[in-house]
Chemist: 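My questions all concern the structure below.
These numbers were taken from a predicted model, which means no experiment stands behind them.
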Amino acid sequence: MTAIDTSEAPKAVGPYSQARTHAGLLFVSGQLPINPATGKVESEDSVDQVRQCLRNISAIAEAAGANMGNVLKTTVLVTRLSEFARINQAYAEFFSAPFPARATFEVSALPLGASVEIEAVIALGS
């Protein structure tokens, strides 16, 4: 098991790793829409937040030698499920068929006042 840590994604905001590898899989911790260059959530718009979360996941995948085409499953946490259609549009910008499996949940709150958080399981290797 290896911990993945890249400066191209935000540092963990608690006692956890950005990601861990095990048995050919990369388990990416929930990524908030934090810009790693500023350390801040820069937009309140859920679409912008989805894009930043997925850019963070992409950076972690690349640090582990994978890419977004290797994503097997995501879990999307949102504070406003009413934004589901808009979130889907932004999400689809990062994936092509066959799409990853996914679960989406509405939650009452997320860290740092974010409205979106996304975690992923990614296959390593070909």
Chemist: For a quick test of reading the model, state the closest non-hydrogen atom pair linking Ile34 to Gly39 and the distance between them.
Modeler: CG2-C, 3.5 Å
Chemist: Kindly give the heavy-atom pair with the smallest separation between Ala123 and Ala66, and that separation in Å.
Modeler: O-CB, 3.9 Å
Chemist: Looking at every heavy atom in both Leu26 and Ala61, which two are closest together, and how far apart are they?
Modeler: CD2-CA, 3.9 Å
Chemist: Taking distance alone, no hydrogens or angles, what donor-acceptor pairs closer than 3.5 Å link side-chain atoms of residues 106-118 to residues at least two apart or in another chain?
Modeler:
unit_1 : atom_1 : unit_2 : atom_2 : d
Glu106 : OE2    : Leu81  : N      : 2.9
Ser115 : OG     : Gln49  : OE1    : 3.0

Chemist: Identify, with sequence neighbours excluded, every residue that meets salt bridge (Lys or Arg N to Asp or Glu O under 4.0 Å) alongside Arg86.
Modeler: Asp45, Glu83
Chemist: So, for Val28 and Glu119, which heavy atoms are closest and what is the spacing to 0.1 Å?
Modeler: O-CB, 3.4 Å
Chemist: Shortest non-hydrogen contact from Glu8 to Ala59?
Modeler: O-CB, 3.5 Å
Chemist: Do Ile122 and Leu72 sit in one hydrophobic cluster, given that two such residues count as connected whenever their side-chain heavy atoms are within less than 4.5 Å of each other, even indirectly?
Modeler: no
Chemist: Tell me if the CD atom of Glu44 is crowded by more than 12 foreign heavy atoms within 6.0 Å.
Modeler: no
Chemist: Run the salt bridge (Lys or Arg N to Asp or Glu O under 4.0 Å) test against Lys11 and tell me which residues pass, sequence neighbours left out.
Modeler: Asp5
Chemist: Return each pair, listed once, that meets side chain to side chain donor-acceptor pair (under 3.5 Å) where at least one residue sits in residues 12-28; pairs must be two or more places apart or across chains.
Modeler: none
Chemist: Cation-pi between Arg102 and Phe95: NZ/CZ under 6.0 Å from ring centre and within 45° of the ring axis?
Modeler: no
Chemist: Partners of Arg51 by side-chain contact (heavy atoms from CB on, under 4.5 Å), sequence neighbours excluded?
Modeler: Val47, Asp48, Arg55, Ala90, Glu93, Phe94
Chemist: Does Lys73 have any side-chain hydrogen bond (donor to acceptor under 3.5 Å, both in side chains) partners at least two apart in sequence or in another chain, and if so, which?
Modeler: Thr75
